[in-house]
Amino acid sequence: MTFLTGWGRTAPTPATLVTPRTSELAALVTGALPRGLIARGLGRAYGDAAQNAGGVVVDVAGMEARWSIDPGTGVVTASAGMSMHDLMTALVPKGWFVPVTPGTRHVTLGGAVAADVHGKNHHVDSSFGAHLRSLTLITADGTSRTLTPEDDLFWATVGGMGLTGLITEASFACVPIETSRMRVDVERTRDLDHTLELMTATDDGYRYTVAWIDLLARGSRMGRSVLTRGDHARRDELPPGADALAFAPASRLAAPPWAPNGLLNRLTVRAFNEAWYAKSRERTIVQDLAPFFHPLDFVDGWNRVYGSRGFVQYQFVVPSGEEATLRRIVSRLSERGVVSFLTVLKRFGAGTPGMLSFPLPGWTLALDIPAGQAGLAGLLREFDEWVAGAGGRIYLAKDARMRAELLPAMYPRLPEWRKIRESVDPEGVFRSDLARRLSL
Amino acid sequence: MKNALGSVDSVLLLGGRSEIGLAIVERLVRDGARRVVLAARGEAEEAAVRLKNLGAEVCLLDFDAARPETHGEVIDSAVEFAGDLDVVVAAFGVLGDQASYEADPVSAARSMAVNLGGHVSAGLFAARRLREQGHGALVVFSSVAGVRVRRANFVYGAAKAGLDGFAQGLGDALHGSGARVMVVRPGFVVGRMTEGMPPAPMATTPGAVADATVRGLRDGSETVWVPGKLRPIFTLMRALPRSVWRRMPR
Ligand SMILES: Cc1cc2nc3c(=O)[nH]c(=O)nc-3n(C[C@H](O)[C@H](O)[C@H](O)COP(=O)(O)OP(=O)(O)OC[C@H]3O[C@@H](n4cnc5c(N)ncnc54)[C@H](O)[C@@H]3O)c2cc1C
Ligand SMILES: NC(=O)c1ccc[n+]([C@@H]2O[C@H](COP(=O)([O-])OP(=O)(O)OC[C@H]3O[C@@H](n4cnc5c(N)ncnc54)[C@H](OP(=O)(O)O)[C@@H]3O)[C@@H](O)[C@H]2O)c1
């Protein structure tokens with residue numbers, strides 16, 4: 001038995017962790033009851049999505065990997081266990097970039113499909129599922145099926161958190177790039193309204209945008225932000241002689257193996273926020289892909305800085321027009337002095353047909369909060385109600401604490417998804433702690 | 001499943017009418033638990049209605065601690081209703097009266113069969129299930145009466161001493177399985193079980209015991225004393241010479 005947690009390092013449970021050959025998967029799946037089986041990528045979901053107490057967990061990231069690209073179309077076919085890091089290392093020097101990347105490169109292709117991940121380009125390019133051409137899925141009966149966007153099971157699997165089967169391979173369309181650099185505009189905003197206004201007005205001028213919010217700023221400065229907006233740099237924007245498609249992210253620093261609980265407290269976070277805001281004067285810079293998309297990846301295991309109690313990420317989306325709910329939550333957070341080290345605001349564009357996909361057109365806010373903070377459970381529960389009431393939802397890939405009751409309101413296509421899952425996996429072979437907790 | 005902030009979804013109460021047990025369940029339900037099983041030897045409708053009003057689904061089961069051969073089935077039925085058991089609270093017990101036990105030895109043995117024997121079978125059946133699921137907590141109600149057995153209530157005290165040892169051993173047996181045992185050692189609790197008795201020093205209440213239990217579950221404690229100051233006090237008590245201890249009035 002191996003104890004597993006998500007990235008937030010809360011609620012560990014033991015499972016039999018296996019790294020099978022592809023040819024062994026069918027037997028493993030059909031023999032997985034009573035406790036069932038779930039796929040695990042690189043464990044970057046924050047909560048319990050890739051855990052299965054007392055059952056089997058398949059380490060897909062450890063399985064053999066292959067990939068190929070059609071140089072004419074830029075469509076890549078790759079094993080589900082390959083990471084975005086591996087894919088970028090292979091693709092960028094050839095002049096291709098992944099269609100969507102989350103805030104870390106250390107996620108697998110399977111994890112990106114199962115959570116239908118979004119990136120800074122969601123307002124223009126939607127989420128990962130929009131770029132998928134086909135999937136290969138091992139279902140509960142042990143058979144391997146190839147699915148395309150015409151299949152209902154395809155859209156039950158995109159965003160389906162591993163509960164329809166185990167993805168072994170996926171094909172997706174990449175984006176051509178001239179360079180491995182980003183041209184980035186940095187700008188500060190005064191307060192939340194200014195942030196929303198500026199994002200609404202200027203988002204469409206950039207492929208990638210995000211705002212970092214200083215949640216500890218209060219009063220008239222509540223919601224003040226640093227906005228970064230960028231595009232892939234063109235060849236002619238680089239100094240002559242530069243290796244335009246070089247991709248070699250700086251080697252990673254290791255976070256200390258242990259940190260005291262409470263290291264990230266109101267004082268330290270406030271000091272950090274002040275410094276960050278102060279240094280982020282308006283400017284345009286050209287930077288590498290990695291610091292623009294994955295700034296946190298420079299410190300290996302940064303999640304340990306939260307101490308032994310771990311942390312939760314709270315990420316919700318509310319539809320456009322429901323800015324009042326966003327404002328209400330931000331002001332309550334700021335009023336309560338909730339310590340969130342990284343708070344990120346992003347405007348979403350159109351969603352995909354994924355039945356349990358998270359994104360919908362509107363505003364998403366993501367905050368990292370130490371799990372030991374007093375009164376946190378009640379506060380977040382209150383937010384859940386507001387979010388559900390506004391027609392919004394919580395991101396399952398980040399969740400570690402929500403209750404089952406609000407799920408149908410947040411995910412109105414849940415019945416449709418359940419029906420498909422029921423038909424393809426009547427006994428519930430594919431199970432996770434998340435599925436148990438949320439009665440999925 | 002216990003979530004990242006320590007809330008649970010399901011709870012089984014063995015001794016489904018216990019005042020302390022119900023106070024714990026009520027707190028867990030207020031904190032989000034939705035599937036509750038009350039396993040009681042008598043009628044528990046009233047408690048069920050109260051918990052339903054708080055939003056829980058409640059299942060009632062017959063449970064007699066003195067019939068160990070039925071305990072496996074009780075656990076199975078609870079699982080059938082609730083799925084994985086996140087918390088199992090074993091709160092049944094009889095206090096009885098020392099003088100009556102001495103006058104009627106058969107009744108003393110019967111109380112022992114509930115206070116110790118019943119916990120052994122129910123506890124082992126519950127632990128088997130928790131081990132299979134790879135998570136969950138079994139809460140066992142010991143008592144300071146068992147920490148050092150007193151002349152004034154040695155039948156009850158001996159059962160609790162045995163139970164405390166059993167629960168610690170069971171907890172060690174489950175170590176590494178993902179499941180665990182939490183031993184709760186209350187002092188004198190002013191409530192239904194002690195009705196009519198003059199409170200001992202540092203007496204506590206069912207609500208306070210429940211608060212401490214819920215906190216212990218959240219923090220992953222192995223042992224909970226209520227009130228907490230009984231722990232250092234009993235460290236001293238254990239060191240008192242027999243000649244003094246023997247004369248403890250109650
Ligand atoms: C620093 C950081 C930043 C992040 N930023 C973003 C962001 O900007 N946008 C975003 O959308 N997400 C973001 N995430 C979340 C992350 O992208 C998702 O949780 C993603 O699913 C993690 O992939 P993984 O390979 O680590 O999967 P895991 O965490 O191991 O698993 C996640 C889910 O995917 C399922 N799964 C994994 N592999 C397979 C497979 N082969 N077949 C079937 N199911 C599978 C698992 O069962 C589980 O339900 C971020 C996470 C971190 C830690
Ligand atoms: N109260 C205290 O001062 C105190 C102090 C330390 C430890 N404890 C322990 O804490 C636990 C909870 O006590 P409490 O205060 O909640 O007392 P309580 O309200 O009297 O609860 C005890 C429960 O056990 C049940 N029970 C007794 N015999 C049973 C049997 N054969 N089968 C099934 N159920 C049986 C009783 O059922 P009925 O309702 O049908 O009678 C009662 O509901 C007990 O283990 C007790 O020993 C209590």
Side-chain angles (χ1 to χ4, degrees), chain A residues 1-16 34-36 46-48 51-57 308-314 369-381 384 398-406 428 431-440, chain B residues 1-11 27-36 51-57 75-76 79-88 126-138 173-180 211 214-221:
Chain A
M1 288 280 186
T2 309
F3 278 82
L4 299 170
T5 70
W7 192 243
R9 301 174 74 234
T10 52
T13 56
T16 307
R35 294 298 293 175
Y46 280 69
D48 45 9
Q51 290 171 235
N52 181 20
V56 176
V57 173
S308 63
R309 279 195 297 247
F311 66 111
V312 292
Q313 175 155 106
Y314 190 70
I369 315 172
Q373 244 177 103
L376 185 60
L379 188 69
L380 296 184
R381 237 179 254 157
D384 289 346
K398 307 288 180 79
D399 179 57
R401 34 70 46 199
M402 202 175 80
R403 294 194 203 172
E405 286 117 279
L406 288 174
R431 309 184 176 190
S432 61
D433 288 355
L434 174 101
R436 288 189 185 95
R437 182 167 55 79
L438 295 178
S439 307
L440 266 169
Chain B
M1 297 295 310
K2 180 173 167 178
N3 76 16
L5 301 179
S7 303
V8 298
D9 301 322
S10 63
V11 47
R27 280 160 177 73
L28 295 178
V29 168
R30 285 186 193 282
D31 192 43
R34 282 301 166 261
R35 295 185 301 281
V36 173
L51 293 168
K52 280 179 190 160
N53 287 339
L54 291 174
E57 293 170 55
I75 299 296
D76 289 347
V79 169
E80 198 160 307
F81 170 79
D84 284 9
L85 302 173
D86 297 346
V87 177
V88 179
R128 180 187 291 174
R129 170 64 200 184
L130 299 190
R131 177 188 288 282
E132 279 166 18
Q133 351 175 122
H135 70 102
L138 171 65
L174 285 175
H175 187 77
S177 71
R180 63 196 193 85
D211 285 339
V214 169
R215 209 176 314 124
L217 281 170
R218 189 174 288 276
D219 296 349
S221 312

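Sequence lines set the chain letters: A, B, ... in the order given, protein chains first and strands last, and positions in each chain run from 1.
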Q: Say you draw a straight line from CE of Met1(B) to CG of Leu438(A); how long is it, rounded to the nearest 0.5 Å?
A: 11.0 Å

Q: What part of Arg218(B) gets within 4.5 angstrom of chain A, counting heavy atoms only: side chain, backbone, both, or neither?
A: neither

Q: Please state whether the side chain, the backbone, both or neither of Arg403(A) comes within less than 4.5 Å of a heavy atom of chain B.
A: side chain

Q: Closest heavy-atom contact between Arg381(A) and Asp31(B)?
A: NH2-O, 2.9 Å

Q: Measure the shortest side-chain to side-chain distance between His135(B) and Asp433(A) over non-hydrogen atoms and say whether it is less than 4.5 angstrom.
A: no

Q: With chain A, which of Asp86(B), Leu5(B), Val8(B) has the greatest number of heavy-atom pairs at distances under 4.5 Å?
A: Leu5(B)

Q: Taking every non-hydrogen pair under 4.5 Å, which of Asp399(A), Leu380(A), Thr10(A) racks up the most with chain B?
A: Thr10(A)

Q: Chain A heavy atoms under 4.5 Å from Glu132(B): which part of the residue, side chain, backbone, both or neither?
A: backbone

Q: Work out which heavy atom in Val312(A) is nearest to a heavy atom in Ala4(B); give both atom names and the distance.
A: CG1-CB, 3.6 Å

Q: Find the one option among Gly176(B), Gly83(B), Gly55(B) whose heavy-atom pairs under 4.5 Å with chain A are most numerous.
A: Gly176(B)

Q: Mind running side-chain contact (heavy atoms from CB on, under 4.5 Å) on Arg34(B) and Glu405(A) for me, showing each step along the way?
A: CA-CA 9 Å; Arg34(B) 282 301 166 261; Glu405(A) 286 117 279; 3.0 Å; yes

Q: Using heavy-atom distances under 4.5 Å, tell me whether Ser439(A) contacts chain B through its side chain, its backbone, both, or neither.
A: side chain

Q: When you check the gap from the basic side-chain N to the acidic O, do Asp84(B) and Arg35(A) get nearer than 4.0 Å?
A: yes

Q: Could you report the tightest heavy-atom contact between Pro14(A) and Gly134(B), atom names first, then the distance?
A: CD-O, 2.9 Å

Q: Among Ala11(A), Ala400(A), Ala15(A), which residue forms the greatest number of heavy-atom pairs with chain B at distances under 4.5 Å?
A: Ala400(A)

Q: With a 4.5 angstrom heavy-atom cut-off, which part of Ser177(B) approaches chain A: side chain, backbone, both or neither?
A: backbone

